[in-house]
Every structure is written in C-alpha cells, then in structure tokens.
Amino acid sequence: MFDLSPGYPLLTLLLFVKSGFYFQYLLVSAYGTGLALRWGLKDADPRLVWSAGLALGPVALAWLLWVMLRVSPGHAPGIYLVGCLLPFLGIIGVEIWRRGNPFAQWRERLRSVLTPLGGPALWLRPLWLFLAGLSAFVFVLCGVTAFLVPLHGNDSLEYAQAARLIANARSSAIYPFVDPFTTNGFYAPWTHPPGYSILLTLGYFIQGNTINAGIIRMCAPFCALFGLIALGLMGEFLKKGAGVIACLLWLLSPLYLHLIIQNHIDPVRIGAFVASVALSLHAMQHPHVRSVIALGIGAGLAHFTHSMGLLTLVLILPVFGVMARTTLLNRIGLGALACGVALSVTGINLLDNLRLYGSPVSDTPLIWNLPEIPIREYLEYSRGINGVYEKMLYGVFKGFSKFIDFGPLYWMALLMLVFLGGHILWSEDKTALKDHGVKMGSRFTSQMLAHLRISLFATPLSPSPVVFLAGIVAIFYLFLFSTLAIGSDLAIKNSRYLLTIQPLIALLAGVGFAFIATLYAQKAHDLFKELFGFLREKSHIRKIFTPWEKIPRSSPAAHEEKPS
Amino acid sequence: MNTSAHPPSSWAQKSIFVLIIGLILIPFVMGLYQTSRAIGTYWLTFSLRGRLVHETETNKLLESGYPSVRLHAALAVLANPDDVVLNFRLAEAGFYGKRPFIYFIDPRLIPLYQAKTIDAGWKALEKNKIRFILVPPYAMPEIYGTIVQHVLASPEHVSLLYDLEGWRLFRVHDTVRPPLPLPKIVAENFTTHPKAASNWHMTEDTLTDPKGLPYLDTSTGWLHIRPTLWRSSDHTPRLRLFRDEVFYSGVPGILRRTLALTPASINRFEARVIGKGLVRVYLDYGDDRRRHFNAWSRTLIWEGILNGSPQQIMNQFMVPAEYPAPDPNNSSAAASRLTFETVGETALALQSWDISQVSSHTPLLDAPYEPRKRWLVVRSRYSYSFEPPLASQQFTSEKADVHVTNYGSYATELYGPFHLATATKKNLVRISGLFSGTGIIRVSLLYGCSGAEEPTYMHIGEILLTKQAEEKKIVAGVPCPMAWVQPILRLYTGSVSLRPKGANTTLKMDDFRLEGGSAHAPTPESTAYSWQDLPMSQQPYFRFVKEPEKPRFP
C-alpha cells in the first residue's frame, strides 16, 4: 500500500545524509576560515577568532562559489563543489602539516575556550549546563521543524527559486533577475548581492537536483547554529558566563525562531554581522593593518549576504574611530582601509547595481513610482507606522511594543539596567563593582565622555569591549532616528531589519545578567544547595555536578551526612 | 535532606528564584509555539505511520490546504501551457507554480496600472497574454489603487474561479462579454433611505455586544462609525498604547447585518465609502448571533487602505458552501452579517453598499477545501490493481464499475504502475465515473517513485459531489513528468472529505482511461530543449537537456 512503499524511508534517509553533507561543507568552511583568521591575527583572543570564523565561513564559501560561477560558468556541479571547498581544505591541510593532528588535544582546547563555563561559584556550573541545554533544545526543535515542514514563507521561496535558477543555469550572470523572459516570469530586481542565493545553490549542487527544496531548507538552521555559537563565544570573551545567557536571550525572540524554521536569509545575514562585530572588537583593541583588513573582509562578506550588510561598517567605524587605541590619523587611515577592503569583496555588486538600477541600494520596484499606486500610505498603514507617535512606538521601539516578534528581551534588559542602577546607587560597598570584570554603571557615562573628549586629541583610554558594543547599539538607534528625520521608513518598516541589532543587545544583557549572577553568587549558591542539595546524595548525579575536573570541597564531611 | 549549613532562605529569595526559573523557561514556550505554528499552518500531523516525516514536500503542501499552493496546483490543470498567469505574490508562483507568469511588479504591467477604463485595463491584460489572475487576500495597493480593482470586480471581463480563504483565482475572458443582469440581493443607500441606518450596530471589541449606534449625518447621508475605544469624542487619539498588532488585530468597530445569500454562489460587492486607514470587509456567519465574535466563520471580501476621499470599493467573492441558507420560516436562525473592520487609528463612513449575485453556482467543480483535520487518511479499504501497460500502448481499463463506498471519513487509493512518456505534454489521464454522495474527490498522479528522488505529486482535478443521486463526472489532466524522473506513475484517487460530516459517499468508476506513448507521438529521446530557443509560452518549467546518460542533474 501507499505507506509500505520502500521509497519513502529511503528518501528520508537520503535527505538526511545529504543534509549531513551540506552541514559538513559549512563546517569545513567555518573551520578553514577560523584557521585562516588565526594565522592572520596571532594576537587575537581565540574566542573572537573562532566566533568570526564560524559565522563567516559559510559566507566565505558562498563568495568563492560566486566567484567561480561568475568567472567560469556552465561546468558540471561537481567541479564547483570541489573547487569552492579546495581553499578551505588547503588551509586545513597546511594546518595539519604544520602542527599535526589539530584534534589531538581537543578536550584541552575545548576546555581552554569553555573554561569560563561554571564561573566562580560551584552552583553555576549545572545551571550553565542547564541553560545551554535549554538553548540546544529550542534550537533542535526549530531545526527538526525546518526539516519536516515544506519550504514556505514569501522571501524564503523567492531566494530558493533564485538559487534554483542559478543552479540550473550554473551561472551567476543571470542574477539579479530583471529579465522575466528568461526566467519564466520570475522577476526579482533585488540590489542584494547574491550571497544567500549562492549558499542555497551550493545546497542544490549537493542535492543533485532542483526538483524540490530538499536539503536547502536546512541552510538557515545550520548557519543559525554557527551564529549562535559565535555569539556565545563572543559573550564568553566579554564576561564569564555571559555567552550562555546571551545565547538564551537571543533565542528568546520568536521572530528569529520563526525565521530559522522558514529558512530565511536573516540567520545568515545576522551571523555575518555578529562575526564582523567580533572582528571589530579585536580591531578596536589591536588597531593594526591586519586586524582592520580582517574587519573589512568581514564587513564585505556581511554585505555579500544582504544589502543591509552595508550598514556594518557604518555602525562599527564611528565607534572604532572614537575608541581604537591609536592616533587620530591612524584611525582615519585604518577606517578607510576597512572600507577599501570591504569594497574589494562586493564592490562589483555595487557597480552592477549602479548600472542596472542607477543606485547601489534600492528597495523600490519601478512600478511603485507610478502616481496611481499609493504605496507610501500602504506601507504606513499596513505596518502600523502612520504618524510620528506610531513610528516611534511601533517603529524604533518595536522591541518593547511588539512582544510577538521580539520577545521579552528588551524588557528584561531594561529591568536588568534598573536593577544594576539601583544596585550602584544604593550599594554599601561601591568599590565592589571594580572587582568584577566589567566596568559598568556610573563609570559608563564618564568613560564614554572621556573617550569622546580624548579621542579627538590623543590616544583614547583603555577601551572596554562592552562600551564598544553599547556604542554600536547607540549608533544603530541614531541611524534609525536619522532615517526617520529624512522622511524614510526604510529602516523601521520591517521587523527583520531591527532584528539585526538584537544579538548585540542580547550580549549586553547577558553581560549584565552574568554580572548580577556574580554579585549574588554566594547567596544563590546557598539557595541552590538548599533547594537541590539532596541531589548530591545520588552518586550518579554528582557526576553531573563535577563534569571534568575534581572540585575542591571545603568540607569533606559534607556529603557524608546522613539524610535526616 | 538539607545538606546546607545555612539557615533556610526567606520567601523573597525563593520567589526570586522561581521567577528566574520561569524566565528561562520562556524559550521552551517560544520554541514550542513557533514549531506548532509552522506545523499548524500546514495542518500537518505527527502520526504513528510517520507521514509527516516521509511525505514529500509537494504532497505535504497539497494536503495541507494552504490556499496559494492549492491554487497553483489547480492552475497546472486549468491553464494551458501558454497561458500566462498574473501573480500578485511571487513566492509560491516562482517556486511551486508550473505555468509562465507575470509578477505584479513587472514593468510590462505599467500600461495596466495606468489604464483609465476597465476596457483599457482588460486590453493591457490581453496584450501580455494574461489568462489568469491570482490575488492574495491581503491589501495590495496595486489593486485597490488602480483600475485592477474595477477589472476584477467586473464579471464581463473576468470570472472568479476559486475563492479559498480570500485567495482568489480569476479567469480573464477572451472577449468582453455583454453586460450581465446582476440581480441585487442587498442594497442600501443612506442618502435616499436614512432609515436603513438603524439596521447597523457597532461593537468596540471582540468580546462585547453592540454598545452604541453609528452616527448618520442626515445632511450628507454618510453613516459614520466612531470607535470610541481608539478615539475620544473630540477625535483625539486615546489609549493607543494598547493597540493590537496590525496583522493579528482585534476588532474596534463592527457593522453587522443579517444577509440572505446563496451558499456556493459568486457575488459582487460594492460600497461607497470615505475614510482613512486600514479597513477590512468581511462576510461573517455562524450558528448563534450572541456568541463570541471569534466563534464566527468569516470570509474576507475586501481589504485596503482608504485615502481620505470618497471612493468606491468593490470585489467579487464566493459565498462559502457552509454558509447558512436563508430559512423563510425562521428568520432569527440566519446568523450572518457584513462587517467593516477598522484597524488601528482609522475613520470610516459609509454611504451606500450592495451585493449582487453574479452566478448562483461555482463555475468549477470545486469547493473550498476542507482542512486536513476533518478527515483521516488511513489505509485504503479497497485496492485495485491494473495491468501495467506497455509504454506505447493506449490503455483503457476493461474492468468497469469499481465500486467503493465510504462510511465516515476514509480515503480511497487506487494505484498501479503505469508508463508514461516523459518530457512531453501529450499524456492524457482521464477518469470518468458515476459518483454519488456528498464530498470532494481528489485525483492526483504521483511520479518519480524510484527512490532516487522525492516523488512529485501532480494534481489532476477535484470533483465536488453535492447530490445523493448518481452523477456522471469526468476528471482529466495532462501530466508531464520531467526528463530525469522514473516514468513510473501511480494513480491515486481518493482523499474523500465529507461534508456535512457523517454523510456517505459512493464512488463508482465505470471508465478509467490512461493515454500516452504512441497515441500521441512521444518526443524523440535525442531532442534537446533549451529555453532560450523557445518562446516564453512554451518554455518548460526547468531548463533541461534530455540526456539519458546524465539524468541526475538538469
């Protein structure tokens, strides 16, 4: 009968295996990119390097494939499949040749990156594990759903069809699709560079056919996984324990989960943005030519996925200009260098757009210029941003008003700020703040002012990464206000665009929550022991409490007590 | 059990701890919500037989009841290969559609949008060989702002074929038909008949019954609604902070009235309004007038943004088959109403409106899709195997009177291996039979079952059964398997959904006919297609070169 047909389980298995191949492609590219960054940036923190490598790797792979499809179109898919992976395999091969098996001491290496897990207090360790498990559960839930449901969603289907046309033609010259005669009517005058479509094309090549969406539905979940780990590593770089909290907070936004399930472009796009921010953190602390070149490549790849990636350098460079620890002239020169490198990655796309549409970035189809079509009113009313009041409430501050899209993150961050402010104001021991890794609170404002004042005349003060990130967020909101001021709804009309900054807000909130956790570590430790202490009686559960090293116990008699 | 040396903590500490745990449980809820939403959109179910995992994407979509995909499946049967479809949504058309189409932002449509008369708009459609128009349910400024709205509301120029949850499929007429006599079922003009305004009521939200009366300006004849929840008496906004999100909005103002429309009929709605903001017009119907608003079923008639000047809004719509028929004996049983729904900060005034009947029946043998939840697909109670015909053989089943009776909600599947010529549009599948009962019978073909690729479903057609008496029905389609799939087909009729629930359906097939191969000369194996060489109307969906030795990739 129908369900006894041998085809179906086999097909599912095939899909599963092909998805695995797809994942391995992305993984190899991420690993290769991370190694390349490691070679280039020897003075960088490994967490920042791997954060950037993970999220940028798939985009770099797509960029290579795009170059191949542009320079030499029309070959068999296998040629592209091998060709675009060769550079990454070469990097990995050289690494193995130079240093032997890179996975030799993987436990130690992993531990060196993840040591902060657990923090200063013992009770935090299972809690961190629990938080990480929670994130993993939510993520796996979304991934499995993406594997099960058919490809749906407006933009996802458009990108998938664009990739299908590219895969069938085996040429990226047909992108963008402004000639509907050659595409059966598919008309997509996008100004986005083809990064995401090329990544999906890779999926089609691996799949071997373009009949169904098949494994390309897993592109966004895979890239979102890389982006999530990248965010966590960055958070761990900022403060111990902040990464896990930031991951969880980032997954709190329902819109993002929805986009993962829909296989939307945003997980890839935002991942590249996060990677650029990680590179800019390093460039800010070590402003030399190599780090700025890396930042430029990151920003260029972020633009390669989506037009909004142009914003990456617009957001980063002002803060970089204020906070980087070199002379003013150097900062200007390095900023120009970053722009130049970014242009070398995707400048040709901008030139193509200029040639085709007359402007490098545009979101307006030709027919919307017709006076018959009241497009502006439509966009304002259908998206609820008619009037200044609505533009503020439902536009700029969407994070607070649209719970269904952005989740509780903004309110949680606000509560956290209020709590921290109260703590700073009413704390008896004000010097206690300095003992913790992050400079926040009352020093924040003075530090920002000092940066602004000094940066114009001399080398800035020792820069704080948290202040740097907060500066990027501030510039983002400044950008929103300035677009509103010139009468454009471009930046606020779409909730997905405001999602760009959300990982950074999650990072900052994660730092704040980790800070609070360390403030109350002892009290919470006691409470935790009181609530869950009986679990320690069970020896097998004790192993969970002591995962990879022996924990020094202050009182060895503690676990010998008999239950009353 | 307490191993801690510390004294028990206070209730405040415990409550904070519980709060923290609650906060970190939010992602659980969010993840489950998003997952169930994605699955629920497509009516997919986790079953023990693993249908959700093992079904093909196309089949999942077709069985999901997602209107857009269903309309594209219907187009694959209805439209000729050279018929161009004007699509007001790119996504499903681009990816799942099988016919050449024009996207609504295509510059070729500028003459259409700039047309001043309906005839000029129709000619602009003709010029682009547009034979079908597919419209999504949400507001499109390219429709309500231009002549397209008038063209779509004109039965002389287009006819409405499908109306699935507001997704509409129109067929553009070859020639402009003479003006139809459109009998007006309901018509009200408050300028000439001010008393009609007393029929209208208003509610401010979904939970309450009528709270106030709309205000009739007798000097102008405009019926104003004043949603006091959003606007105070001096017309300044109030309580806007609690405004609902636009796409999932509540209902600030409702104008309601009982309507006597024919179920499953095509109607034309027209109104003269003045207002500003997002307005939706619904046809609501339900069992009980007093019940919660959300318990009513509703059909979207019109959605758009009013521009502040007097304007005509109009559309064609289909009354659902479940719509309660007017009962002359019991006037209070008819529970239906026309609803003007304003979203957010809006102003609305109504001068006149009418609904006229275009056609008393649906022109196609189709009806609004019964959602998957209503019926179960279980193993067929009846299997019927055919002799596998040769590739060059015309095949007609000699075994007549396949007789299947369904009790309740069961599906019937008839299948067998068939050989069809690939990459040609000359295969013909034709099923004619005597049917009785009430329900829908879906006929589709499954091809590409070799295990190398995911099989693909091709929707052949649907049969709507409305009588208990036997009827002769014919379903036919021209399936075109792609070059690289195995040319083994499965015919599967079935998926019988019953309406009203509990009725019996009897299916008698007296003729099963499958034509292919030599009946129409198959394309030679060596022929290579290249879409650049073909005119647009004949371009295949994929670009492919028919090479038997490399069948795996186009």
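Letters A, B, ... mirror the listed sequences (proteins, then strands); counts begin at 1.
- Counting only heavy atoms from C-beta outward, the side chains of A:Pro180 and B:Phe101 never approach each other to under 4.5 Å.
- Residue pairs meeting the salt bridge (Lys or Arg N to Asp or Glu O under 4.0 Å) criterion with at least one member in residues 251-262 of chain A: none, sequence neighbours excluded.
- Counting heavy-atom pairs under 4.5 Å between each of A:Ser135, A:Pro254, A:Gly407, A:Pro365 and chain B puts A:Pro254 at the top.
- Using a 4.5 Å cut-off between heavy atoms, A:Pro189 touches chain B through its side chain atoms alone.
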Assess whether side chain to side chain contact (heavy atoms under 4.5 Å, CB included) is satisfied between A:Trp368 and B:Glu142, documenting all intermediate values. CA-CA 9 Å; A:Trp368 283 3; B:Glu142 293 81 5; 2.7 Å; yes
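- A distance of 11.5 Å separates CG in B:Leu109 from CG in A:Leu366, rounded to the nearest 0.5 Å.
- Annotation: maximal heavy-atom pairing with chain A below 4.5 Å, among B:Tyr144, B:Tyr103, B:Tyr138, B:Tyr113, occurs at B:Tyr113.
- Atom CD of A:Glu377 and atom CG of B:Leu306 lie 9.5 Å apart (nearest 0.5 Å).
- For a residue to count as touching a neighbouring chain, one of its non-hydrogen atoms must lie under 4.5 Å from one of that chain's; by this rule B:Asn87 does not touch chain A.
- The shortest distance between side-chain heavy atoms of B:Phe95 and A:Ser156 does not fall below 4.5 Å.
- To the nearest 0.5 angstrom, A:Asn154 atom CG is 7.0 Å from B:Leu90 atom CG.
- Every salt bridge (Lys or Arg N to Asp or Glu O under 4.0 Å) that A:Glu380 has, sequence neighbours left out, goes to A:Arg376, A:Lys391.
- Taken from OH in A:Tyr187 to CG in B:Asp106, the straight-line distance is 6.0 Å, to the nearest 0.5 Å.
- When heavy atoms are compared at a cutoff of 4.5 Å, B:Ile143 does not approach chain A at all.
- Nearest heavy atoms, B:Arg99 versus A:Asn184: O-ND2, 4.1 Å.
- Most heavy-atom pairs under 4.5 Å with chain B: of the set A:Ile260, A:Leu249, A:Ile245, A:Leu257, this distinction falls to A:Leu257.
- Using a 4.5 Å cut-off between heavy atoms, A:Phe137 contacts chain B through its side chain alone, with no backbone atom that close.
- Taking CD of B:Glu92 as the reference point, atom CD of A:Gln161 lies at 12.0 Å (rounded to 0.5 Å).
- Heavy-atom distances place no part of B:Glu303 under 4.5 Å from chain A, backbone and side chain included.
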Which is it for A:Leu157 and B:Tyr96 under the side chain to side chain contact (heavy atoms under 4.5 Å, CB included) test, yes or no, and what are the steps along the way? CA-CA 9 Å; A:Leu157 286 168; B:Tyr96 295 115; 3.6 Å; yes
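- A:Phe139 does not touch chain B: none of its heavy atoms, backbone or side chain, sits under 4.5 Å away.
- Across A:Gly153 and B:Ala91, no two heavy atoms sit closer than the pair O-CB, 4.2 Å.
- The shortest distance between side-chain heavy atoms of B:Ile110 and A:Ile367 falls below 4.5 Å.
- Annotation for B:Ala139 and A:Tyr378: closest pair O-CE1, 3.2 Å, computed over non-hydrogen atoms.
- A pairwise comparison of heavy atoms in B:Gly145 and A:Pro374 identifies CA-CD, 4.0 Å as the closest pair.
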